[in-house]
Every structure is written in structure tokens, then in C-alpha cells.
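Before any comments, here is the structure.
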Amino acid sequence: MAEDSLRIGGLSSGLALILNGEDSKEGSSKPRLVSYCDDFGHQSVERTLEYIFGLPNKSVGSISGQIDSRLIRAIIKNECLEYRSNSGVLLRSRDGICAVDNGCGPQIIGLDQSSICGDIRIIRPPLLVESLAMFSSARANASVWKGKWMYEVVLETSGIQQLGWATLTCPFTNHKGVGDADDSYAFDGWRVRKWNKDAEPYGQSWVVGDVIGCCIDLDHNEISFYRNGVSLGVAFRGIRKMGPGFGYFPAISLSQGERCELNFGSRPFKYPVEGYLPFQAPPSINVFAVHLLRCLSRLLDMHCMERAEHSSFEKLRMLKRFVSFEDLFHPVSRGICEEFFSVIEANAQSVEYISWGPFLSFMMEVLRVQAPHDYSSLDRILDVFLEFQGSSLFFEHILNALSSGCKTAKLVLTECPYSGSYPYLALACHLLRREELMVLWWKSTDFEFLFEGCLSQKGPSKQDLESMMPSVWWPGSCEDVSYENSMLLTTTALSEAISKIEEKHRDLCRLVIQFIPPVTPPQLPGSVFRTFLQNLLLKNRGADRNVPPPGVSSNSVLVSLYTVLLHFLSEGFGMGDICDWLKRCGNGSDVGFLHRGGEQSFPISLFLKNDPHRIDISRLGGSFNHLSKLHPVSDQDDEVIRWVEGCMDDEETRVTHLSMKKPCCCSSYDTDFARSMKDPIRYTAKGSRSHCSTISERSAHVASECSAGSLNDEMADKPSSSDQSESEFEYRPVQHMRFVPRESNISSATLREEELVDVLLLLYHMGLAPNFKQASYYMSHQSQSISLLEEADRQIRERACSEQLKRLKEARNNYREEVVDSVRHCAWYRISLFSRWKQRGMYATCMWTVQLLLVLSKMDSVFVYIPEYYLEALVDCFHVLRKGDPPFVPSSIFIKQGLASFVTFVVTHFNDSRISSAELRDLLLQSISVLVQYKEYLAAFESNEAATQRLPKALLSAFDNRSWIPVTNILLRLCKGSGFGSLKHGESSLSSIVFQVYVVGVSPNHLSFFYGVVSDGHFPVLALYFIKRLLRKACVNDEELFSAFLNRLFNTLSWTMTEFSVSVREMQEKYQVMDFQQKKCCFIFDLSCNLTRVLEFCTREIPQAFLRGTDTNLRRLTELIVFILNHITSEADAEFFELSLRRHGQSLEKVNRGMILAPLVGIILNLLDASEDTEFVPQNDVVGFFASMDCPGRVHCGFQLLLDYNWAGSFRGDSYPAKLGQLENFLALLVSRSELEEVSNSEDETDVIDDSICCICYASEANARFAPCSHRSCYGCITRHLLNCHRCFFCNATVLEVVRIGEKTN
């Protein structure tokens, strides 16, 4: 009754008197509280104590003495006996369990070491285990045979783990474990199966941080599993009854590298299941400890009510009718704590359980999970507890529990934004602001492990996303209109929750950065954080491999740490003057390092030192050991390279943080883009289906204006601050912080921002790149699924047959499920990875990194030492931003305003021999191949001086066995629209201005005068003009280069055509078109068409390579055309040919034989036009070569097919009949010439073939011989053979020289 009246009314009648001076104890100046009665006999202190300790009304007698801790302890001992006596109640009903002493005592449940098969090790007590063998199994040291029991498993990894129960008869081997025998049962969330000899689908997929509850009900003979407190259903029924000593043991089987933490009851369960008991009983004092903490909680409630009704309390205090909280708190709280610690001291083994359970819950309750947090009450409690020596062990366990809580806490939509790991982080940050607790944490052997745990963030599974995003909407969907608003509210709430968590991660890292460890000699702030980073990177060596080594950190740790560093470097540290040595900007403003502009510097010692955490990292020039022998650089260890931002860009196009025009990361646009950030789901539209999302050129508010002075702090998309008062939220340093000036002679030990950039890029490479790859997959899958869903809807509307409708509706339901799943995943990735400030920081990171790489590329001895992840992270981050959905900025300015240097870098280094990795060079070349497909990015190449000077020749030299596909795509894009039949579907016949300006030397103004300007600002230059000048500049002056390119082009095209022909024939013989074979055919056919287009472009712009000099090129070209016509496009195979190429949903316009026939026609017409040119005197006869081919009838049929093909669908307008007339004249001439050749050959049939005829082609005189072997053949066959092989084709001897018959050898 007293408790209720205090809680509801907030007041209690009575009177208190504070006595000082002579009434106080000798030697004490503190006031003391005594009881006082009013006229009604109400005693305020007694009634208040009854409320605090939960006692009945008037159960506390009149207090005549001083109220101090001794009195409080006496009340507890006398009045709270029932809580002590009830402590043993928990031990009842534990019959049915048998435990074997494992050396820690019979009541301690752990793993039975004798049961381990494989290699399972406890890597951290009490039971964090890891498998170091391919497959390891183990049982606990306790079994049960009746009752209901459970244990929990916290997943540190999410791979193959079989968790469950097994008897002693279950054999463990290197291949079989839990669930692979009769009396063993297991659940595996990686494969989503349950195991009892055979596997069956069951449960949900699990993720890192999941808590799996393994429950066995021996009263009903059932086994069930729980995931994060949610039942997965009964997995096994009718399990066999067991007797005492032959029960079921908790058992696990782990594949290599898998980790999990077992809890048999030594700590409170995170998700206890009602009715199920833990294997290890809770400590007997748990109930009493909970009661004492509740008493403290009620004491603090008084303070809250006093603050809530401050004015009323003041009036009553003046009338002496209320006991002041301030007067009562110290003696009561101290008395409770003295009793609490005395009980704990007598039961030392209970510290862990009490800390992880009641004490942690009490601390969280005092803090308040939802804002506003009650930091003042928490500080009062901390002050009291820290007075006791035994509190250190408690707080050590609390910090462990908070770290564990961060790993397992999941986002709950209804609790946002203070959900997930936020409460644990908020409490941890507040605790660690006390120096004694920070020192305690740092001194613990598990400091780095716990720090990682605090940075962990549990990711969602498919089922988690369903609960977080119950309503799903996407542009063009047929869902209810309310779903759009519902999803918008959901994503906004989740974004706020993620922002809160990231904010606390930064607070925690700031505390570690500013912490000065108590060691000798003294260290500067940042030393502990630097050591943590180095050890983390050392631990995660090989984390980027397909199969990471055991012991690597969770991906969420790498992502969280990357996010923290990105914010520090982009938005500033936000630490005032605490770490002034981390900033170099003179005016003291907290401008992010990546946005400062002006002079930049970098200590190249980061590359030249082989630190332990870098020992396995590949460098651009190879391994460190190899490079140290070729390029010793010990004398440059302390050198710092300096440059001015933008120094590697053209002056006309230079955009820097200090220039008038700002980079995209620091420019101001209208607010359309900012609005898109607040409504992210609106931009998951169908436009994202393409490789690069096509968007209208809408402007955007990217970020605040960046200048030499400061950044505008009113960035709309910055991470939000918590809902605290200013004094509570502002950054508060660790107490008793010491400051060291930068001029100190130990300043070389400071944590440099350049070091953080280096770590940032490595963390991106190891942690972020896989996530962005997964995000890209879901975005692509979403687009494909939406297309299939729309196609299914269209067919349903058009179909009338009931059977077809049934199948279509089933397919539609499957497509819709895939769309919904993809939309949820895409929304999650946008929330967690693509927030606005992160994109801004990533853009600035790309700018800074590419400038560094370009500067160091001028220093050969240093460039080769650059780690490969610098280049990989740069390219991946660039394309992530480019393909962002919603996009960061309009594509028209993405490169132009800040990343022009990226174009310079990829153009100048995709064939850089200093880069030893062919994969890295391919990565740069593929970037060019992708970018030139879009006019906005092609414009960046047009205006780039390095591209105009280096790209043409570099592309031709890069066309080899490895890189021919991207080079072909680039060349095809540059000559797009210039070939026969390539003007369909709106393709422009005008090519890029860039190379025309470059090769001709005409200014853009003059070009616009001659050709006009199109609406999008591009100068239309005829493809003929462009390609002719391009090749003439790159090839004519280097005949050897072009000859090698043309040879590789012929070889590659011959190979693709042969592969395609063989694939089609195989499908014809089997009378079926397999999906895999069809994909292969389509791919090879596309490549063949592209190569043929490139060959067409060569015949148009450099016909002299075929019509002059040796006839090798023309002969090979002729043979290739005849091969295509004879074996691929014959009339007999026409229908099957198109069937083998056209996949489901593709129209006849997009895939048909005309794609390969058109460039063939173009090649022939180009050669005919060049032969008729009066200024061009050909030496090789085109008609003659075709007429000399074997089987002239088939050659004629092939050309007749070209004439009969329906070309109307490949042209706009009616320009093609004239060209076909020219081809018809050629065919007539060819038929006539072939008849003459046939007559001539028939007259020579009686002639005897002598030794003077070439035995290879039997068409020419053997007028050349190999030296030194002297075998003879015709010069044409020898020349063609030597293009690819330098051995004699008769005896395989090495050819040193080719001698014409009648000439002397040199």
C-alpha cells in the first residue's frame, strides 16, 4: 500500500529533520537524518524505507537513532529474510540431469574433452569455441533423461554448424557428427536443414549474432529449436526414451573456421523459454541480489518523481512534510551496496551470473533505453558502486556483457530509433568516460575482442527483413497505395536507428582515441587506437580470400570501423581541441581531412615498411620481398611526398576544393536530390535495370559548401544527434585528460590522418567491397524480377486458356516473391550503405586516392610498392558511386566535377608494365570499356588530354589473348554507327569529338562551324572522319603495331566463329536447345559480331592494309568471310540458327542473322570503294581472291544470301538499295571471274605438279625457303605462318630467316 501511494502520488506524509553541529557524530561534518512525527503520528523516514525495500506498511518500527548504512543493512537482514530463504527454491525440480566433473567442479557445465573429435578449441572462456579441423564435434559433460532442458548457442560465424543433441552411442568422425546417427538430432541454419541420419528442410537461415535455443522436452519426447527467441517449430517427435546415465547430451559439430559461444546456464539466457531449465543452475543468491537492485531502483524512482514535481516538493519540504531524496540517497544506497557486495564476496562464483543478468538489467533500467537517458541517476549509482573494491570485477563483466549484447541485438521496428545495439553502446560509452573504467577495460586481456564486439552490428536475415519491412512497394507495382507510405516510414525509422548506432560507434572510438594509457614512457592520444587497428588488420590477413582463414573478424566489425573512419576523415573528428594534432588546418575549423584541399602530403614510409599486418599484402609491383631486392628504399623511410590538389588535372578542367567550382562532394545544387534521399524507395525504379542507372539530369543538394575555411554544419543528411539536452549530448572527454603539444619531441608517434586513410582503404577492400557486390546483385536481380513479373502480368491479360493461365499465375507468384525479397534487400542496403554522408565521403576518398596514385606514378621506385588494395578500392568505390540507386549526383557531372583524374589514371595505367597483376590491369581496362558505353562518361574521355594522346595506341597494343574482349567493346563503341546497317534503333552515325580533335588538330570551334552542334552539346563528327584519323595516327606510323593487332584480330575472330559453329552443330545433332548451350552461343555470337564490326572498321579506314603489299591480310579476310557464309549462315540452318540464339522474351529485331551478315557486307563494300578510288592504286584484286576460292558454287550461294536478306529492318530510310546494287554487280563479276578460273584450272588438270609449286596452298610458286633448314614454300604461306609461329612447318626447326629464291642470305 505504501509502495502504491508513493508511486502514484509521488508524496508521502511525514516529517524529517536535519541535525548538524553538536548532534552530529564527533569528527563528522555531514548532516544526519533522524525520524520526526507529526500530529497524526506519520513517520516520513520509516514509510519511505518501507517503499524502498518493498515492505508492508508500518513494518519498519520507529527509528530513534541515526540513519546510516549500518541501520540500512540491519533492516535488510531483519526484514528481507524471505528473499534469502527463497533462494534455494530454484534448485527444486532439477531431477533428471547428470553431470560429470570436468575439473571445474560438478556443478560447472562445459565440454567433455574426451568427446572431442577433430580440433575444437576454447579460444575465450568460458565457452567460445572454434573448429580448426575440417569437421569437429564435441559433447557437453552433462546429460538429461527426463524433464525439459535447454542451452543457447551464440553464432560468431554463420557457416555449417550442426547444433543439437546426441547420446553416447553417436559416433563422431572426421565426416560425421551431430545428427548423423540414430540417437542424435541437429539443426543447421546455413543449409536450413534438420538432421537425424537424413536431412530435411526445417527452420530459417541464420546470420552472425543469432542466438539459437536448443530445447529438449523429455516429458513429451520432442526436440525444438528457437532463433532469437522465436520458435522454429518442433523439429523431432517421438525421440527414444533414455534412463539415468544414458541421456541426451548437448552436442555440436562445426566445419573449419566456424565459431560459436555455448551457454549452459553460467550466464542468464538471452532468450529463455518458459518451462525449460538451464543445465547449470543459477546461483543461490540471485533472488536476493535482484531484490537489492530493485530497492536501489525504487530509491532512484523517488529522484525522478522529485524532478517531475519539483515545485510541489519544494513547498512540502518548506513545511517539513517530505523526506528529501538528497538526504536519504547516500546512507540508503551505501547500505544496500555494502550488503550486496558482502553477499557476493561470500559467493564468488556468482559474480558472472549476477553481472550479466540482474546487474546489467538494473544499469539499463537506470539509463533508460529510450531517450531522454537518465545520465544523472546513472552517475549517482556509479559513484556509489565504484567506492567498493569488488566493483572492478563487476564492471569488467558488465563491459563483457555490453560487448556481447552489441553482437546479438537485433533491430526492432517498433523500438526505432533506439533499437539494435544502441542501448548497449550508450551505456558502454557513458561508463568509459570514467577514467578508472577505461583503464580497467584497456587492461583486460580481452580488450580488443570486446572492442570488436562493441563495433559489431547484427545483420538481418530474410525473415528479419520481413518483420522489419512488413509492407513492400516499388515503382510501377500494383500494391496498395498505402504500402508506399508505410515503406517510406519504415525505411526512415530504420535509417534513424542505423544513424544512432553509428553515432555511438564514433563516440566509442573517440574515447579510445583520446585515451592515454598509464604506461611509461608516456604515450600520446591515439596510440591505443592505432595498436587496435594494426592488430585488427593483422588478425584479418586473408579475409578477402574466397575461403578466409580461421579467426577473422565479423564483416560487421570491418564495416562499422570503416564507417567511423570515413566520418572522421570526411566530416571531421568533432572533438574540439582534444586531438588538435590530428588536424592541420590553420584556422582551427573541423574540416574533414578529405575535403581540405590545397597542399596534400603522404608519408611514403607507409608503403616502404613491411609491417606485420602488411606482410601478406600484394603490391602493384609484386611481393614486398621481391621488390625490396629490386628497389631498395631504406633511405626514403621518413620521406613525405607533397603535392597540390588537382596538380595532375588539365588546367581548363581542374576542379578542386579550393577552386570556384567545387567537386561533387562539396557543391550545392537545388534540393531535388536531397528530397530523393528522404524518399529512397522512389528511386528503385526500372531505370536501375541497366548496367548504369539512367536518370534525368536533375540537380541535387549534395552536401554543404566546402571552402578553405570551413564546412557548413547544417548538412541535412548528416547523422542525427540523439534526443538529449545539449549538455548531455555534447562530447565529453575522459576525466583527467592530458594534452601533448604537436611540437613535442615525441610527435612522430601521433596518429596521422594519412594512416587512417590507409586503413580506410584496406577496410573497404576487406569489408565493404563484398557488401557492395551483394547489393549490386540484389539490385540487378530486382530489375530482372520486375521485368519477368510485368511480362507475366501481360501474358495473363492476353491468355484465355485456363491451363496456361494456371501456369502463368504460379509463375507470377514466384516472380512476385522474388521481387518482394529483392526490394527488401535493396532497401536495407540503401539504408545501411548508401546514406548521403557516406556517398559524399566515398567520393572524396576517390578524389584523394586517385590524386595520390597519379603523383606516385611519377616515382617508379615508390609506385611499385603501393598495395594493390589502393587500386582495387578506388575502382570499386568509383563504380559503386556511379551505379548508386539512387545516384549520388547526375552522371553528367559525376566525373567532370572532381574525378577527371580517374579517367587519366585508367587510361595511362591499364597497360602499365609496372603493375604486375594482370587482373588489376584488366580491372582498369574494363572500367574504360564500361564508361565509354555512356555518352556522359564518354564526354569525360573526350576532354581528357591523356586519353587523346595515349588511348588509341594503347588499345591496339592491349588487344591480346587476355584483354581482347574489353578492347573490342571500346573500339566498337568508338566506331559505333559507322558500319553497314548500324543506323537502326536510333543509333547516331556521328562519333565522338575527342579523337577527331586529337588526330586532326582542329579546334572545337572550327568543328562546330563545319558540322554544327547537336542539342546535347556534343560535336557530331562523321565516324569515317574519326576512325580514319584515329587509326592513321595510331597505326600508320607504327606499321608493326597494326600488323600485330590485325593478326590477333583474325585469330580471335576465327576462333569465335569456329566455337560458335561447333556449338550450333552440337545442338542440331541433339535436336534440342539447352539453356547453358544457348547462353554460350549467344555470348560467342555477340563477340563474333563485335569483332566483325571492328574488322569492318579496319577495312573502311585502312584499306591499304588489305589492298597493298603482301596479299596475306586479304587472303585471310577472304577465307574468313567464306567460312562464315558456308558454315554459319546457310539457308538450311537459318531457322535453327535463330532458335539457338533467341532467348525467352527477346524479339526478332534484337537477335537475327543480320547482326553478323551486315558487317560482312560492309567489309566487301569498303574494299570495293577503296579499289575504285582514283587516288588509291590497289595491288591486290578483291574479286580475284574470292574467285580463286574452292567450291565457287557455295561462295556464290553465300553472296546471293546477302543479296536476298531483308535489309529493310536494318536501315532507316532507303539508302541501302544503292549499296546492294553495288554488291549485286560484285557478285556478277565474281561469277564471271569464277567461270574463267574454272576453265583455266580444267586446262591445267593434265599438267603434272612439279616441285616448284607450293605444297601448302598448291596455288603459288614455291618462291621462298626457310633458313637454315632450306624447306621451300610460297612466300605468302610462309609469311602467314610466321605471324603466329617461328618454326618450320616441315621439320619444326627454329626459323632464323626467310630467303626468296634467287636471293642470297645475309
Side-chain angles (χ1 to χ4, degrees), residues 152 154 204-213 226-232 268-274 360-374 401-402 404-428 456-474 479-505 556 560 678-681 719-724 820-821 823-833 835:
E152 280 188 342
V154 179
Q204 303 171 357
S205 60
W206 59 31
V207 295
V208 174
D210 275 346
V211 180
I212 305 300
Y226 288 74
R227 176 176 174 265
N228 301 324
V230 177
S231 175
L232 301 179
F269 288 145
K270 293 184 181 294
Y271 300 99
V273 180
E274 185 177 1
L360 177 60
S361 300
F362 167 71
M363 299 286 283
M364 297 294 287
E365 181 183 347
V366 174
L367 174 67
R368 294 181 185 171
V369 174
Q370 297 291 327
H373 303 304
D374 191 356
L402 292 174
S404 176
C406 291
K407 294 179 182 179
T408 59
K410 61 180 181 179
L411 285 175
V412 179
L413 183 61
T414 55
E415 298 175 0
C416 289
Y418 304 100
S419 185
S421 60
Y422 175 84
Y424 301 97
L425 289 168
L427 179 56
S456 298
Q457 190 172 344
K458 187 175 180 297
S461 67
K462 178 180 178 180
Q463 289 75 21
D464 297 332
L465 287 176
E466 289 177 1
S467 63
M468 287 194 295
M469 304 179 193
S471 301
V472 174
W473 179 90
W474 63 93
E479 310 298 322
D480 191 283
V481 178
S482 62
Y483 283 17
E484 179 180 1
N485 292 330
S486 175
M487 190 173 184
L488 176 58
L489 293 174
T490 297
T491 53
T492 301
L494 293 174
S495 297
E496 292 177 359
I498 295 293
S499 179
K500 296 288 185 186
I501 293 171
E502 291 173 350
E503 177 187 319
K504 288 303 172 185
H505 284 159
S556 67
S560 296
K678 300 181 184 297
D679 190 2
I681 60 173
S720 60
S721 58
S722 63
D723 301 330
Q724 305 169 22
V820 169
D821 181 55
V823 169
R824 285 193 175 112
H825 276 91
C826 290
W828 171 252
Y829 283 118
R830 275 191 296 275
I831 291 169
S832 59
L833 299 178
S835 60

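Only this structure's heavy atoms are used, side chains among them; waters, hydrogens and symmetry mates stay out. Because the structure is predicted, anything quoted here is derived from the model rather than measured.
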Among residues at least two apart in sequence or on other chains, which ones pass side chain to side chain donor-acceptor pair (under 3.5 Å) with [X]?
| X | result |
| --- | --- |
| Thr414 | none |
| Ser556 | Ser554 |
| Glu365 | Ser297 |

Are the side chain of Thr492 and the backbone N or O of Leu488 linked by a donor-acceptor pair below 3.5 Å? yes

Taking ring pair (Phe, Tyr, Trp, His ring centres under 6.0 Å) as the definition, give me every residue that meets it alongside His825, ordered by chain and number, with sequence neighbours left out. Tyr778

Listed by chain and number, what are the salt bridge (charged side-chain N to carboxylate O under 4.0 Å, His left out) partners of Lys407, not counting sequence neighbours? Glu156

Return the minimal non-hydrogen interatomic distance between [X] and [Y], and the atom names on each side.
| X | Y | answer |
| --- | --- | --- |
| Glu152 | Pro272 | OE2-N, 4.2 Å |
| Ile498 | Ile831 | CG1-CG2, 3.9 Å |
| Tyr418 | Lys500 | OH-NZ, 3.9 Å |
| Ala497 | Cys416 | CB-SG, 3.8 Å |
| Ala401 | Leu360 | CB-CD2, 3.8 Å |
| Val154 | Val211 | CG2-CG2, 4.1 Å |

Roughly how far apart are [X] [atom1] and [Y] [atom2], rounded to 0.5 Å?
| X | Y | atom1 | atom2 | answer |
| --- | --- | --- | --- | --- |
| Trp828 | Ser495 | CH2 | OG | 9.0 Å |
| Gln457 | Ile501 | CD | CD1 | 4.5 Å |
| Glu415 | Gln370 | CD | CD | 7.0 Å |

Mind checking side-chain contact (heavy atoms from CB on, under 4.5 Å) for [X] and listing every partner two or more places apart, or none if nothing turns up?
| X | result |
| --- | --- |
| Thr490 | Leu413, Met469, Ser486, Leu494 |
| Val369 | Met364, Pro423 |
| Ser461 | Ser205, Val207, Arg227, Gln463, Asp464 |
| Val820 | Val472, Trp474, Arg816, Arg824 |

Mind checking whether [X] and [Y] have side chains closer than 4.5 Å, heavy atoms only?
| X | Y | result |
| --- | --- | --- |
| Lys458 | Asn228 | yes |
| Thr491 | Met487 | yes |
| Tyr226 | Ile212 | no |

Do His505 and Tyr424 have their ring centres less than 6.0 Å from each other? no

Name of the residue among Pro460, Ser419, Ser467 meeting side chain to side chain contact (heavy atoms under 4.5 Å, CB included) with Leu411: Ser419

